[in-house]
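Accompanying notes for the structure given below.
Protein chains get the first letters and strands the later ones, always in sequence-line order, with residue 1 at the start of each.
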Amino acid sequence: MSDGSSISSHDGHGPSFTFYPAIYVLPTHLSLESLHRVEECLLNRDARLTYDPSEARVFLGNIGQRKRAILELRSRGVCTELEMRSVPGGVHVDGALDLGTETESDGQTNQSTGHLKRARSSDAEVDGSFINSDLIRVVRLGWLEKCVEEKDLVPMDQYIIYQGRRVQHPDDKATKGSEILHRAQQDVSRPHRGTTHRGTTHRPPKLYKQSTSENEDTPPPAPDWVTNHVSYACMRSAPLHPPNERFIDQLVKIRKVRELTLDEIGVRAYSTSIAAIAAYPCEFRRASEVLALPGCDMKIANLFAEFQQSGDGSLVAASALDTDPVLRVLHHFYRIWGVGAKTARDFYYARQWRDLDDIVEHGWNSLSRVQQIGVKYYDELLEGIPRAEVEEIARVVHRHASAVRPGVECIVVGGYRRGKEASGDADLVLSHRDESATHNLVVDVVSSLETEGWITHTLALHLTTSTRDQQTLPLRHDTGNHFDTLDKALVVWQDPSFNDTSPSTPEKKKRNPNPHRRVDIIISPWRTVGCAVLGWSGDTTFERDLRRHAKKSRGWKFDSSGVRERTSGGQVIDLERGGETWQEREKLVMEGLGIGWRPPGERCTR
DNA sequence: GCCT
DNA sequence: CAGTACG
DNA sequence: AGGCCGTTACTG
């Protein structure tokens, strides 16, 4: 092995590390495979592995020098001072030193007595020195190799490179961010110290079989995109329901907390990790598998370890969304259409509101028009639209569009096209092979639908190309020809027809019981319909990475209205010319951008 | 939080 | 200008 | 150390 690790995961039975404190494997100077084998070896012997440096007390690594060891610790935020009493080669005294300090965990000591006997027979240092001391040790990998070779625990002494005690971190001042966020981070950083497993080295029962033979828990071969470090979500296939969906659900909740606490970068980071995990084709069995994915590092691997050990698959930082009283209210406000994280916090902290009634009672007139609509139809707009109903809406829109522009095509995009059972809204792209037919189409379709009673409110109208062009064309010799983005209408929709039978009071019109729905109608000229459909069919991270990739790898600007040169002047790049159908044109765009085609059902980055 |  | 929306 | 989607388009 180039990194000098001779650890094999097929090494038969060996000693048990159950009663060692949390072990952290330093990845430095280790290949990913070696790292995995070392972890595998430890796990097979019931060691308590951690990906959180702050809770580890043994750091195992392919390292030779004390100076290097200190550096490795420091770079992981572990500040120590040298502990002189038992340095390498010194007298072995920690047992005596620490045995007397065991006061807080009698239960654990008693419970493990029987095992301690076994352990003690081969290694006297196991019990006393570690279980209750705050000693931090950096140990050469050779120790583990020796233990494996001897099939027994071997004293660490000769393998200790450095030994220290934790000291207060110099810049440990309070974070300026919200206390909730801070608390959440604290909680995450010590996932094994919860009330459930407090202080004990006892591992929860393994769900998988103890490995004895060929069926060894070697992880499945990594997919290409892992080996090749493909970091753009738009270049991987992520299905609607990936194998690690339950873990992803937890991470999505943490991301939501980051949104609510205005941590945009954290949101971006979690999105990257989530997208990678969503593309992973099998259930993780080891945190080290997580570690191998692009966009996932110790933080995420550690969260997976917590997920795996939690029993019910919950993460403390994720549960905060439901349990923290402040976050609960912020989340509630955030789900109002037209209210983002900033406004939600303003409602809470400045206006001191706590629920929708407070808003209606004390601030109705301070709301924007769309926020009022958002509050009014709060529950209905959050409901989720079944696929059949999305199709129904599309038929109605297509009928009206056809009346106004014969030959128009209506394409359902968004979550529906990715296969979601229920969509947050209905996203429809209208296009026509005759370029002039898409001119003013939004306005015409929306007013037609309004007249027939399908559209109850228009939340936003984005008019760019067509309407404005005509009015301002003479004035527009603009410097930067950003002449195209798509026309679109974001509307509130309600089926106007319902049974008006029964009423004993026939004069009073019964209220329409059909739920209000959010519908987005997007207009695209045929010339760029492939871009429109591509830009409106992927999950957020897929679309972000699409733009990022177009920029970084081609120097192009991609959006749903087309592909352009990024250099001023912005020459249009026509990647879809020659495509006969919108499906063909979308495929040509994906290939032209160099991401390769994949169906919409595989663009689910969450 | 992760990557270059 | 900041804030929100869209995927 | 600096970037992270969009020179988005809209509202107020």
Stepwise side-chain contact (heavy atoms from CB on, under 4.5 Å) check, A/Ile300 with A/Tyr270:
CA-CA 9 Å; A/Ile300 306 299; A/Tyr270 274 93; 3.9 Å; yes

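Closest approach of A/Val230 to A/Pro294, counting heavy atoms only: O-CG, 3.3 Å. Nearest heavy-atom pair, A/Cys296 versus A/Ala276, reported as atom, atom and distance to 0.1 Å: SG-CB, 4.5 Å.
Residue A/Thr272 is out of contact with every strand shown, counting any heavy-atom pair closer than 4.0 Å. Note on A/Gly295: only backbone sugar-phosphate atoms sit closer than 4.0 angstrom, heavy atoms only; bases stay farther off. Nucleic acid contact class of A/Arg566 (heavy atoms, under 4.0 Å, all strands): sugar-phosphate only. Across all strands shown, A/Ile522 has no heavy atoms under 4.0 Å from either base or sugar-phosphate atoms. Across all strands, A/Arg518 comes closer than 4.0 Å only to sugar-phosphate atoms, never to a base (heavy-atom distances). Nucleic acid contact for A/Arg417: none, since no nucleic acid atom lies under 4.0 Å from a heavy atom of the residue. Contacts of A/Val339 with the nucleic acid, taken as non-hydrogen atoms under 4.0 Å apart, involve only primed sugar atoms and P, OP1 or OP2.
The nearest heavy atom of DNA chain D to A/Thr567 and to A/Leu459 marks one nucleotide each, and the one closer to the 5' end goes with A/Thr567. With DNA chain D read from its 5' end, the first of the two nearest nucleotides for A/Ala269 and A/Ala460 is the one closest to A/Ala269.
Between the side chain of A/Arg387 and the backbone N or O of A/Ser423 there is no donor-acceptor pair closer than 3.5 Å. Panel note: side chain A/Arg585, backbone A/Cys531; no donor-acceptor pair is recorded below 3.5 Å. Under a 3.5 Å cut-off, the side chain of A/Ser431 and the backbone N or O of A/Ser524 do form a donor-acceptor pair. Between the side chain of A/Asp358 and the main chain of A/Trp353, no donor-acceptor pair closer than 3.5 Å is present. Side chain of A/Glu380 to backbone of A/Pro515: no donor-acceptor contact under 3.5 angstrom is found. Between the A/Asp559 side chain and the A/Ser561 main chain, a donor and an acceptor come within less than 3.5 Å of each other. No donor-acceptor distance shorter than 3.5 angstrom exists from the side chain of A/Asp427 to the backbone of A/Val413, with no hydrogens or angles considered. Judged purely by atom type and a 3.5 angstrom limit, A/Ser310 uses its side chain to pair as donor or acceptor with the backbone of A/Gly313.
Salt-bridge formation is detected for the pair A/Asp545/A/Arg268: a Lys NZ or Arg NE/NH1/NH2 atom is positioned less than 4.0 Å from an Asp or Glu carboxylate oxygen. Between A/Arg517 and A/Asp425 no salt bridge is recorded (no basic side-chain N to carboxylate O distance below 4.0 Å).
Nucleotides D/dG6 and C/dG3 have their C1' atoms positioned 16 Å apart, rounded to a whole Å. Straight-line distance between the P atoms of D/dG3 and C/dC6: roughly 28 Å, to the nearest whole Å. D/dT8 and B/dG1 have their C1' atoms separated by 26 Å, given to the nearest Å. To the nearest whole angstrom, the two C1' atoms, one in D/dA9 and one in D/dC5, are 14 Å apart.
Residue pairs satisfying the salt bridge (Lys or Arg N to Asp or Glu O under 4.0 Å) criterion with at least one member in residues 592-603 of chain A, sequence neighbours excluded, are listed as follows: A/Glu586-A/Arg603.
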Residues 326-342 of chain A side chain polar contacts: donor-acceptor under 3.5 Å, at least two apart:
from	atom 1	to	atom 2	distance (Å)
A/Arg328	NH1	A/Asp322	O	2.8
A/Tyr334	OH	A/Glu259	OE1	2.9

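The CD1-C1' distance, from A/Ile300 to B/dC2, rounds to 9 Å in whole Å. A straight line from NZ of A/Lys299 to P of B/dC3 spans 15 Å, rounded to a whole angstrom. When the C1' atom of B/dC2 is taken as reference, atom NE2 of A/His229 falls 13 Å away, rounded to whole Å. Atom-to-atom, CG of A/Asp263 to C1' of D/dC4 comes out at 12 Å; the value is rounded to the nearest Å. Distance, A/Gln372 CD to D/dT11 P: 16 Å, rounded to whole Å. Taking atom CH2 on A/Trp337 and atom P on D/dT11, their separation rounds to 11 Å, with Å as the unit. Atom-to-atom, CZ of A/Arg564 to C1' of D/dG6 comes out at 12 Å; the value is rounded to the nearest Å. Rounded to an integer number of Å, the gap from A/Met298 CE to B/dC2 P is 10 Å.
Taking 4.0 Å as the cutoff to heavy atoms of chain A, we find the contact window on DNA chain C bounded by C/dG3 to C/dG7.
Near DNA chain C, meaning a heavy atom under 4.0 Å away, there are no residues from residues 390-398 of chain A. Within residues 543-555 of chain A, the residues approaching DNA chain C are A/Glu543, A/Arg547, by heavy-atom distance under 4.0 Å.
Remark: DNA chain C takes part in the stems C:1-5 with D:8-12, each of 3 or more antiparallel Watson-Crick or G-U pairs, criterion distances under 3.5 Å.
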